[in-house]
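Because the structure is predicted, anything quoted here is derived from the model rather than measured. Order of the sequence lines fixes the chain letters, A, B, ..., with proteins taken first and strands second; residue numbering starts at 1 for each chain.
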Amino acid sequence: MNWIHGLVTPLARLLIFPGLLFAVPAAWFFLWVERKAVALMQGRVGPPFMQPFFDFIKLLGKSTPPRSGVGGLLMRAWPLIAVSAAAGAVGLLPVLPSSGGFEGDLILLLALLELPSMCIIAAGFSSRSIFGEIGSAREAVLSVAYNVVFLLAIVSIAASQHTFRLESLAALPASPMRWLGVLALLVCLPAKLHLNPFSLPNAEQEIYSGPMVEYAGPELAMWELSHGLEWVAATGLVATLAAPYITLWWLAALVFVGLMFAIVLALSTLASATARLAIDTTVRFYWQCTLIFAVLAVSSALFMRLRS
Amino acid sequence: MNLWNKLMCYSRRHSPWLFHMNSGSCNGCDIELVASLTPRYDAEQLGVRLEGSPRHADILCITGPVTHNAVKAIHTVYDQVLGPKAVVAIGSCPATTNVFIDSRTLDGPLNKHIPVDVFVPGCPPRPDAIIQGVAKAAEILAARGNNPPSTELSIAAISAAEAPADNSPLVRIQEVQS
């Protein structure tokens with residue numbers, strides 16, 4: 001019976017909560033919040049509530065351009081890989097207490113979170129469009145810039161709490177070090193989600209949305225979905241680390257969703273209030289300002305660990 | 001019509017993504033098209049999004065009287081927009097070549113080259129009329145689905161008189177929606 005239990009729990013987490021059944025509607029909802037926040041900040045009414053869902057269905061019904069050869073096959077594969085990686089990352093979030101089975105850890109979650117942006121880089125280059133290639137190059141530079149901070153923040157959290165396991169991280173009381181790490185993660189989120197002021201890889205005015213320029217129909221729908229799932233996974237990670245430990249499972253889920261919503265709202269407001277920065281300014285921001293911050297966090301976490 | 005088709009129809013009507021193309025326009029209509037997305041008119045309430053790539057678009061909005069240089073570009077972009085698609089001709093120029101009629105630099109009007117679904121006349125048309133034209137094109141798109149556009153019949157024209165004259169854009173959009 002034990003192995004059945006070990007199989008059912010992770011499957012339920014992947015498929016129901018916080019997995020696909022929760023994550024896909026949440027992804028659409030967050031995409032709507034993103035657009036609605038921009039509209040409200042500009043004094044408009046904005047799109048209707050079901051808009052991302054309608055967009056998704058409509059894109060499924062459109063045709064795609066003929067793609068031949070290995071390049072075409074790869075172009076079709078990238079969005080699917082991105083969606084499955086983002087969905088897997090959401091499924092790993094330890095919202096509900098699991099009893100045994102596959103749990104995964106922070107390193108796997110980070111790898112799955114990183115995959116969609118790798119897919120975007122590869123997709124832009126395999127589309128062979130000049131705009132796609134520029135977008136991919138920008139995405140690559142951006143991910144080198146913010147990932148150092150992102151990984152250092154994660155390392156500082158893990159070092160200060162002596163564990164890489166998500167489950168135990170969620171259960172442990174937060175230390176001041178952890179708050180510093182969460183703050184560093186929050187600084188990285190706009191770049192990770194391609195929001196203003198760090199939206200240059202998919203800049204819709206100057207490079208026609210960059211790596212996505214050649215995508216159409218169901219493939220584009222998959223990209224939209226993977227972007228939404230990235231929203232859920234990335235905000236979910238921060239919510240997991242920031243939420244207090246609650247034994248009541250429904251209250252824990254409620255706090256988790258509420259925190260995610262608050263982060264999405266804050267990021268969308270920031271996105272609509274700022275303008276796009278140039279690539280050198282972005283890289284300088286991450287390397288000069290936040291790297292110092294992240295290195296400080298890691299070194300003090302290691303120092304605390306040695307002392308204790 | 002089964003449930004999936006109904007849902008698809010509804011989604012197509014509520015999510016028209018535009019690609020804007022200038023075929024030698026004086027920029028008057030282009031300004032009005034962008035104005036229809038501003039807070040005053042807010043076409044996003046209908047799900048309208050102005051896309052940078054023709055691959056993403058459902059509705060091709062063409063302004064201008066179609067110069068010789070633009071003909072090849074129009075054919076290329078029309079082929080790049082993937083089906084189901086609709087074409088909206090914005091302004092009097094693509095409909096009749098307007099004051100430039102009989103000019104030797106022109107090869108208009110637009111429906112000589114590609115099938116046009118909706119004409120929005122005006123020089124330039126008001127943003128309300130453009131929004132109404134886009135909404136009508138989205139309806140045509142939803143009704144037609146993947147069938148190829150017929151060249152003669154499905155042409156609908158939005159007259160300047162048809163667009164309501166009071167200054168409440170929100171009311172207008174609801175009227176267009178209903």
Side-chain angles (χ1 to χ4, degrees), chain A residues 28 31-32 34-67 75 124 127 129-132 134-135 199 202-221 223-224 272, chain B residues 3-20 34-59 76-77 79-86 138 141-142 144-148 168-174 177:
Chain A
W28 286 327
L31 289 176
W32 174 76
E34 187 187 350
R35 284 174 71 174
K36 185 81 174 176
V38 173
L40 290 180
M41 288 285 279
Q42 292 175 346
R44 293 188 282 122
V45 175
F49 181 69
M50 297 287 276
Q51 192 59 49
F53 173 71
F54 292 147
D55 289 347
F56 185 79
I57 298 289
K58 178 210 72 179
L59 284 172
L60 285 186
K62 275 180 83 76
S63 51
T64 46
R67 306 193 195 285
M75 267 193 86
S127 75
S129 149
I130 183 78
F131 302 111
I134 293 173
S199 63
N202 57 347
E204 58 284 321
Q205 282 92 1
E206 61 260 38
I207 53 170
Y208 308 122
S209 64
M212 307 298 131
V213 73
E214 280 296 322
Y215 279 95
E219 297 162 356
L220 190 63
W223 280 123
E224 293 269 323
S272 52
Chain B
L3 194 67
W4 174 250
N5 281 351
K6 261 184 196 162
L7 183 65
M8 183 63 76
C9 222
Y10 195 79
S11 303
R12 275 180 187 145
R13 207 165 68 239
H14 286 82
S15 152
W17 289 7
L18 313 182
F19 182 75
H20 168 212
V34 178
S36 67
L37 299 167
T38 53
R40 175 103 191 131
Y41 296 98
D42 193 18
E44 204 184 6
Q45 286 178 52
L46 300 180
V48 171
R49 237 167 79 166
L50 197 59
E51 284 293 322
S53 162
R55 291 275 194 229
H56 302 178
D58 308 295
I59 295 175
T76 311
V77 171
D79 291 339
Q80 278 175 341
V81 178
L82 294 154
K85 59 187 164 188
L141 194 71
R144 189 168 65 206
N146 270 323
N147 307 322
S168 51
L170 298 183
V171 176
R172 260 173 235 172
I173 285 178
Q174 280 157 7
Q177 238 171 357

Could you tell me if the side chain of [Y] sits less than 4.5 Å from the side chain of [X], heavy atoms only?
{"X": "B/Glu44", "Y": "A/Gln51", "value": "no"}
{"X": "A/Met212", "Y": "B/Ser53", "value": "no"}
{"X": "B/His14", "Y": "A/Met50", "value": "no"}

Could you measure the distance from the [atom1] atom of [X] to the [atom2] atom of [Y]? Nearest 0.5 Å is fine.
{"X": "B/Ser15", "Y": "A/Leu59", "atom1": "OG", "atom2": "CG", "answer": "6.5 Å"}
{"X": "A/Phe53", "Y": "B/Ser11", "atom1": "CZ", "atom2": "OG", "answer": "6.0 Å"}
{"X": "A/Arg44", "Y": "B/Leu37", "atom1": "CZ", "atom2": "CG", "answer": "8.0 Å"}
{"X": "B/Met8", "Y": "A/Leu60", "atom1": "CE", "atom2": "CG", "answer": "6.0 Å"}

Shortest non-hydrogen separation from [X] to [Y] and the atoms involved:
{"X": "B/Pro84", "Y": "A/Gly61", "answer": "CD-O, 3.9 Å"}
{"X": "B/Leu82", "Y": "A/Lys62", "answer": "O-NZ, 2.8 Å"}
{"X": "A/Asp55", "Y": "B/Arg49", "answer": "OD2-NH1, 4.3 Å"}

- Message: Counting only non-hydrogen atoms closer than 4.5 Å, does B/Ala57 touch chain A with its backbone (N, CA, C, O), its side chain (CB onward), both, or neither?
- Response: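 The backbone, not the side chain.
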At a 4.5 Å cut-off on heavy atoms, which part of [X] comes close to chain B: side chain, backbone, both, or neither?
{"X": "A/Ile57", "answer": "both"}
{"X": "A/Ser129", "answer": "neither"}
{"X": "A/Glu224", "answer": "side chain"}

- Item | Option that, when pairs with chain B are counted at under 4.5 Å, heavy atom only, ranks first among A/Ala216, A/Gly46, A/Ala39, A/Gly217 |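 The answer is A/Gly46.
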- Item | NZ or CZ of A/Lys58 within 45° of B/Trp17 ring axis and under 6.0 Å | yes
